[in-house]
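What follows is a set of notes on a single structure, which appears directly below.
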Amino acid sequence: MLCAGYIRPALGIFGLVLASVAVADARDIRIVDIAAGETADIHFQFNLGGRLFLNVADKNGPACVTLWWIIWPTSKIHDVGRKCGQFEVQIPSIFYLSLWSKLRGRAGAEPLKIGYSAEEHVVGTIKFDF
């Protein structure tokens, strides 16, 4: 009976470690710092589609950030909204008339750290004739 009390937490920790290793193997993780009340560029892409996996935190734990994409060549702003903790964001592609875009974020009253990874693919190709 005493042993059962230790097995369940150990299995839970093992599962978390295994899941985080699988994610870390699949993608590069980048970290962006945003000062309190400031705005910063988080991700830039050219001719790519896919999604970003983000984790937002401040010194107290999970936190929220306000996000938007700046889409070129139209200079359109696509509001992602206020997101908290761990979440996923689609990268705007040709359906948004986007050739390239930049994800920007604004911190609230506390400085933020945003860790993210991207799952991307090429949207369009250019044909060369020789």
Side-chain angles (χ1 to χ4, degrees):
M1 195 59 132
L2 180 64
C3 186
Y6 292 105
I7 291 176
R8 188 172 295 178
L11 288 175
I13 291 170
F14 177 74
L16 285 174
V17 169
L18 188 61
S20 65
V21 168
V23 171
D25 276 349
R27 301 173 197 73
D28 291 330
I29 296 174
R30 298 172 198 108
I31 298 175
V32 176
D33 293 305
I34 305 178
E38 296 294 318
T39 299
D41 295 342
I42 298 169
H43 184 74
F44 178 83
Q45 67 82 21
F46 180 81
N47 194 33
L48 297 173
R51 54 196 175 159
L52 299 178
F53 303 93
L54 298 99
N55 186 1
V56 181
D58 62 19
K59 65 182 179 183
N60 301 313
C64 299
V65 64
T66 302
L67 298 170
W68 64 94
W69 286 99
I70 303 172
I71 300 170
W72 287 286
T74 61
S75 297
K76 181 180 176 185
I77 303 296
H78 173 68
D79 184 29
V80 177
R82 185 171 167 84
K83 301 285 187 176
C84 302
Q86 295 181 358
F87 54 92
E88 176 183 322
V89 174
Q90 288 295 125
I91 297 173
S93 60
I94 198 70
F95 300 111
Y96 290 91
L97 301 176
S98 171
L99 294 179
W100 64 94
S101 58
K102 175 172 39 175
L103 181 65
R104 301 208 79 199
R106 180 178 303 117
E110 296 285 337
L112 297 178
K113 286 198 179 287
I114 301 175
Y116 76 96
S117 63
E119 182 180 88
E120 302 169 310
H121 58 274
V122 175
V123 175
T125 59
I126 300 170
K127 183 180 176 189
F128 294 102
D129 291 325
F130 291 96

Is [X] linked to [Y] within one hydrophobic cluster, defined over Ile, Leu, Val, Met, Phe, Trp and Tyr using a side-chain heavy-atom separation of less than 4.5 Å?
{"X": "Phe44", "Y": "Ile70", "value": "yes"}
{"X": "Ile71", "Y": "Trp68", "value": "no"}
{"X": "Phe46", "Y": "Trp72", "value": "yes"}
{"X": "Leu99", "Y": "Leu48", "value": "no"}

Main chain of Ile42, side chain of Tyr116: is a donor-acceptor contact present, judged purely on distance under 3.5 Å?
yes
Closest approach of [X] and [Y], non-hydrogen atoms and distance?
{"X": "Ala109", "Y": "Ala36", "answer": "O-CB, 3.3 Å"}
{"X": "Pro92", "Y": "Ser101", "answer": "CG-OG, 3.8 Å"}
{"X": "Gly85", "Y": "Pro62", "answer": "CA-CB, 4.2 Å"}
{"X": "Asp28", "Y": "Ser117", "answer": "O-CB, 3.3 Å"}

Evaluation steps, side chain to side chain contact (heavy atoms under 4.5 Å, CB included), between Asp41 and Leu103:
CA-CA 6 Å; Asp41 295 342; Leu103 181 65; over 6 Å; no
side-chain contact (heavy atoms from CB on, under 4.5 Å) with Trp69: of Ile77, Val89, Asp79, only one passes, and it is Val89
In Å, rounded to the nearest 0.5 Å, how long is the span from [atom1] of [X] to [atom2] of [Y]?
{"X": "Ile29", "Y": "Leu54", "atom1": "CD1", "atom2": "CG", "answer": "11.5 Å"}
{"X": "Lys83", "Y": "Thr66", "atom1": "NZ", "atom2": "OG1", "answer": "11.0 Å"}
{"X": "Cys84", "Y": "Asn55", "atom1": "SG", "atom2": "CG", "answer": "11.5 Å"}

Is the closest side-chain heavy-atom distance between Val65 and Phe87 below 4.5 Å?
yes
pair Ile114-Ile34: side-chain heavy atoms closer than 4.5 Å:
yes
Taking NZ, NE, NH1 and NH2 as the nitrogens, is one of them in Arg106 or Glu38 under 4.0 Å from a carboxylate oxygen of the other?
no
Can you check side chain to side chain donor-acceptor pair (under 3.5 Å) on His78 and Gln90, steps first, answer last?
CA-CA 11 Å; His78 173 68; Gln90 288 295 125; over 6 Å; no
Result for side chain to side chain donor-acceptor pair (under 3.5 Å) between His43 and one of Arg104, Glu120, Lys102 points to Glu120
